[in-house]
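Have a look at the structure below, then the notes.
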Amino acid sequence: MNVEDRAKQYSTIKYSLSIIETLYLVILLAVFLGSGLSVVLADGISRISTNHYLSVPVYLLVISLGYYLLNFPFNFYHSYVLEHQFSLSKQKIKGWFNDQVKAAGLSYIIAIILIGAFYYILKHYTNTWWLVISLFWIFFSLILARLTPTLIIPLFFKYKKLSDDNLRSRIMSLADKMKVKILDCFEIDFSKKTLKANAAFVGWGKTRRVILADTLKDKYTYDEIEVILAHEFAHYRLKHLLKLILINSIATILTFYLIYITNSRILSIFGLTSLSDIAALPVIFLYFILFGIITQPLENFFSRRMEKNADKAALNITGLKEAFISMMEKLASQNLADKNPHPLIKFYFFDHPPISERIALAKRF
């Protein structure tokens with residue numbers, strides 16, 4: 001089987017699993033609510049503690065553990081078995097499990113903050129809670145973006161300053177040319193977990209930095225790396241990050257407003273009366289999942305347009321047309337990316353233009 005056939009097979013399995021897991025989660029939440037198990041759990045916790053702000057973390061911990069166990073076969077297959085099956089990972093089972101524990105712990109802490117804030121604001125802002133909580137969630141996401149390079153990424157990867165001084169100098173010169181201020185250039189040990197390649201421009205303010213995976217740094221030419229980072233810097237210069245924040249913020253506000261105007265009818269379906277009851281928490285999850293299913297194609301459409309414009313800017317600034325094309329071919333092969341996805345797959349899942357379209361764009365320059 002050639003690389004393109006393997007990429008097609010890998011993508012088909014990956015996207016099929018994504019659909020199945022989403023439907024599975026919706027069904028689990030609906031059954032949990034409809035069977036009354038959520039009320040039983042909430043009542044049991046309230047007998048142990050009447051402190052609402054203590055009950056929320058306990059309830060969240062129980063349902064999180066329950067979901068993790070019920071979803072474990074899917075999770076293990078798509079994040080471990082599938083990656084090894086297609087020779088995209090060499091991570092050992094112990095390392096995989098350690099990452100799972102760290103990711104779960106981090107997600108739980110973030111969830112406690114967001115959901116705790118939700119209940120506090122719901123109690124103190126009777127008519128405007130949907131707007132106040134939206135603004136809080138948006139603000140918190142910005143804080144997370146700032147902390148990601150210094151607190152979150154180091155939990156999963158070892159990072160150090162880029163050891164190749166010539167490459168570092170070239171990247172810093174490119175940043176100056178594109179009027180992008182960065183702290184420095186770093187490399188992370190991607191190869192210990194995956195054979196895929198990646199590069200990123202992350203952080204806000206003083207934490208803004210370039211991060212190169214060693215799987216990319218060691219296998220791509222200086223020209224190829226430069227055009228990759230020109231693309232990343234172009235997102236900043238074209239204010240794409242701000243536009244994405246705006247799009248996500250609008251989606252958050254609309255979701256909470258939808259909850260505000262429709263929650264009484266939805267809660268009655270499951271025999272619940274108030275959002276302030278922690279037994280109703282899965283209803284909030286359902287809203288976000290279902291709204292996300294509806295809005296994902298639209299968000300991806302805007303994202304693909306931004307990615308196309310960033311490609312154009314990178315090609316204009318660097319003039320490295322051939323390096324761009326060879327880089328795309330390498331990425332497609334190394335990451336097993338489907339270069340020519342079905343239009344429906346592209347419409348729903350792709351937040352970047354397919355590789356074939358990006359190469360065609362470069363050839364026109």
> With the threshold set at 4.0 Å, does a side-chain nitrogen-carboxylate oxygen contact exist between Lys196 and Glu83?
Replying inline: yes
> Taking atom OH of Tyr125 as the centre, does the number of heavy atoms from other residues, nucleotides or ligands within less than 6.0 Å exceed 12?
Replying inline: no
>> Donor-acceptor pair, distance only, cut-off 3.5 Å: does the side chain of Thr255 make one with the backbone of Ala251?
In response: yes
>> How close do Ile171 and Phe233 get, counting heavy atoms only, and between which atoms?
In response: O-CE1, 4.1 Å
> Do Asp184 and Arg168 sit within salt-bridge range, that is, some charged N less than 4.0 Å from a carboxylate O?
Replying inline: yes
>> Any heavy-atom pair between the side chains of Asn198 and Leu212 that's under 4.5 Å?
In response: no
> What's the shortest heavy-atom distance between Pro154 and Thr148, and which atoms?
Replying inline: CD-O, 4.0 Å
> Is there a path of hydrophobic side-chain contacts, each under 4.5 Å between heavy atoms of I, L, V, M, F, W or Y residues, that connects Ile261 with Val132?
Replying inline: yes
> So with a 6.0 Å cut-off around NZ of Lys102, is the heavy-atom count from everything else above 12?
Replying inline: yes
> Is the side chain of Ser356 donor-acceptor paired with the backbone N or O of Asn340 at a distance under 3.5 Å, no angle test?
Replying inline: no
> Do His84 and Tyr80 have ring centroids that are under 6.0 Å from one another?
Replying inline: yes
>> For Thr150 and Arg209: C-alpha separation, side-chain torsions, deciding distance, then whether side-chain contact (heavy atoms from CB on, under 4.5 Å) applies.
In response: CA-CA 10 Å; Thr150 55; Arg209 65 195 65 195; 3.5 Å; yes
> Any side-chain donor-acceptor pair under 3.5 Å between Glu307 and His240?
Replying inline: no
> Are any non-hydrogen side-chain atoms of Asp99 and Gln91 less than 4.5 angstrom apart?
Replying inline: yes
>> Within the structure provided, determine whether Phe350 and Asn300 are in side-chain contact (heavy-atom separation under 4.5 Å).
In response: no
> What distance do Leu167 atom CG and Ile225 atom CD1 have between them, rounded to the nearest 0.5 Å?
Replying inline: 5.0 Å
> Taking NZ, NE, NH1 and NH2 as the nitrogens, is one of them in Asp351 or Arg304 under 4.0 Å from a carboxylate oxygen of the other?
Replying inline: no
>> Please evaluate residues Phe76 and Ile93 with respect to the criterion side-chain contact (heavy atoms from CB on, under 4.5 Å), reporting the C-alpha separation (whole Å), side-chain torsions for both, the decisive distance (0.1 Å), and the verdict.
In response: CA-CA 10 Å; Phe76 182 66; Ile93 189 71; 3.3 Å; yes
>> Any heavy-atom pair between the side chains of Leu216 and Phe190 that's under 4.5 Å?
In response: no
> Just checking, Lys160 and Phe186: is the charged tip under 6.0 Å from the six-membered ring centre and within 45° of the axis?
Replying inline: no
> Got a second to check how far Leu114's CG is from Ser141's OG, nearest 0.5 Å?
Replying inline: 9.0 Å
>> Keeping Arg358 on the side-chain end and Pro353 on the backbone end, is there a donor-acceptor pair under 3.5 Å?
In response: no
> Does Arg6 use its side chain to pair, donor to acceptor, with the backbone of Leu336 at less than 3.5 Å?
Replying inline: no
> Under 3.5 Å, is there a donor-acceptor pair between the side chain of Asn75 and the main chain of Asn71?
Replying inline: no
> How long is the gap from CD1 on Ile110 to CD1 on Ile152, to the nearest 0.5 Å?
Replying inline: 5.5 Å
> Does some side-chain heavy atom of Leu33 sit less than 4.5 Å from a side-chain heavy atom of Leu286?
Replying inline: yes
>> Can a donor-acceptor pair be found, under 3.5 Å and without considering hydrogens, that links the side chain of Ser11 to the backbone of Lys8?
In response: no
> In the single-linkage hydrophobic clustering (I, L, V, M, F, W, Y; side-chain heavy atoms under 4.5 Å), do Val31 and Leu37 co-cluster?
Replying inline: no
> Centres of the Phe288 and Trp137 rings: under 6.0 Å?
Replying inline: yes
>> For Tyr220 and Ser326, which I'm curious about, is there any donor-acceptor pair between the side chains at under 3.5 Å?
In response: no
> Is it true that atom CZ of Phe365 has more than 12 heavy atoms of other residues, nucleotides or ligands lying nearer than 6.0 Å?
Replying inline: yes
>> Looking only at the aromatic ring of each residue, does the gap between the centers of Phe291 and Tyr287 stay below 6.0 angstrom?
In response: no
>> For a quick test of reading the model, state the closest non-hydrogen atom pair linking Thr126 to Tyr260 and the distance between them.
In response: O-CE1, 4.4 Å
> Cluster question for you: counting only ILVMFWY and a side-chain heavy-atom cut-off of under 4.5 Å, with indirect links fine, are Phe140 and Ile253 together?
Replying inline: yes
>> Determine whether a donor-acceptor pair (N or O, by modelled atom type, separation under 3.5 Å) exists between the side chain of Glu224 and the backbone of Thr221.
In response: yes
> For Lys123, does the NZ atom sit with more than 12 other heavy atoms under 6.0 Å from it, leaving out its own atoms?
Replying inline: no
>> To check you understand the geometry: which heavy-atom pair defines the closest contact between Thr215 and Ala197, and what is its length?
In response: OG1-CA, 3.5 Å
> Could you go step by step and tell me if Lys243 and Met306 meet the side-chain contact (heavy atoms from CB on, under 4.5 Å) rule?
Replying inline: CA-CA 9 Å; Lys243 291 175 184 177; Met306 293 178 196; 3.5 Å; yes
>> Please identify which of these residues, Lys308, Lys363, Lys346, meets the salt bridge (charged side-chain N to carboxylate O under 4.0 Å, His left out) condition with Glu357.
In response: Lys346
> Only one of Tyr257, Phe256, Phe118 clears ring-ring contact (aromatic ring centres under 6.0 Å, His included) with Trp130; which?
Replying inline: Tyr257
> Arg170 and salt bridge (charged side-chain N to carboxylate O under 4.0 Å, His left out): which partner among Asp164, Asp176, Asp165, Asp223?
Replying inline: Asp223
> Is it true that the side chains of Gln85 and Tyr77 contain a donor and an acceptor less than 3.5 Å apart?
Replying inline: yes
> Between Lys14 and Asp338, is the closest basic N to carboxylate O distance under 4.0 Å?
Replying inline: no
> Going hydrophobic residue to hydrophobic residue with side-chain gaps under 4.5 angstrom, can you get from Tyr67 over to Val39?
Replying inline: yes
>> Less than 4.0 angstrom from a charged side-chain N to a carboxylate O is my criterion; do Glu187 and Lys161 meet it?
In response: no
> Quick one: CZ on Phe349 to OH on Tyr15, what's the gap to the nearest 0.5 Å?
Replying inline: 7.5 Å
> OG/Ser276 to CH2/Trp129 distance, rounded to the nearest 0.5 angstrom?
Replying inline: 11.0 Å
> Transitively linked via ILVMFWY side-chain contacts under 4.5 Å: Leu65 with Phe32?
Replying inline: yes
>> Under 6.0 Å between ring centres: does that hold for Tyr120 and His124?
In response: yes
> What are the two closest heavy atoms between Ala280 and Ser274, and how far apart are they?
Replying inline: CB-O, 3.7 Å
> What's the spacing between Phe74 CZ and Leu25 CG if we round to 0.5 Å?
Replying inline: 11.0 Å
> Are Lys193 and Phe157 in a cation-pi setup, meaning NZ or CZ lies under 6.0 angstrom from the ring centre and within 45 degrees of the ring axis?
Replying inline: yes
>> Quick one: does any side-chain atom of Asn335 pair with a main-chain N or O of Ala332 as donor and acceptor, under 3.5 Å?
In response: no
> Just by distance, do the side chain of Ser46 and the backbone of Asp43 share a donor-acceptor pair under 3.5 Å?
Replying inline: yes
> Any ion pair linking Asp189 and Lys158 (charged N to carboxylate O, less than 4.0 Å)?
Replying inline: no
>> Ignoring hydrogens, what is the shortest heavy-atom contact between Val202 and Pro149? Give both atom names and the distance.
In response: CG2-CG, 3.7 Å
> Any donor-acceptor pair under 3.5 Å linking the side chain of Asn316 with the backbone of Lys312?
Replying inline: yes
> Can you list the steps and then say if Leu122 with Ile133 is a side-chain contact (heavy atoms from CB on, under 4.5 Å)?
Replying inline: CA-CA 8 Å; Leu122 184 65; Ile133 190 59; over 6 Å; no
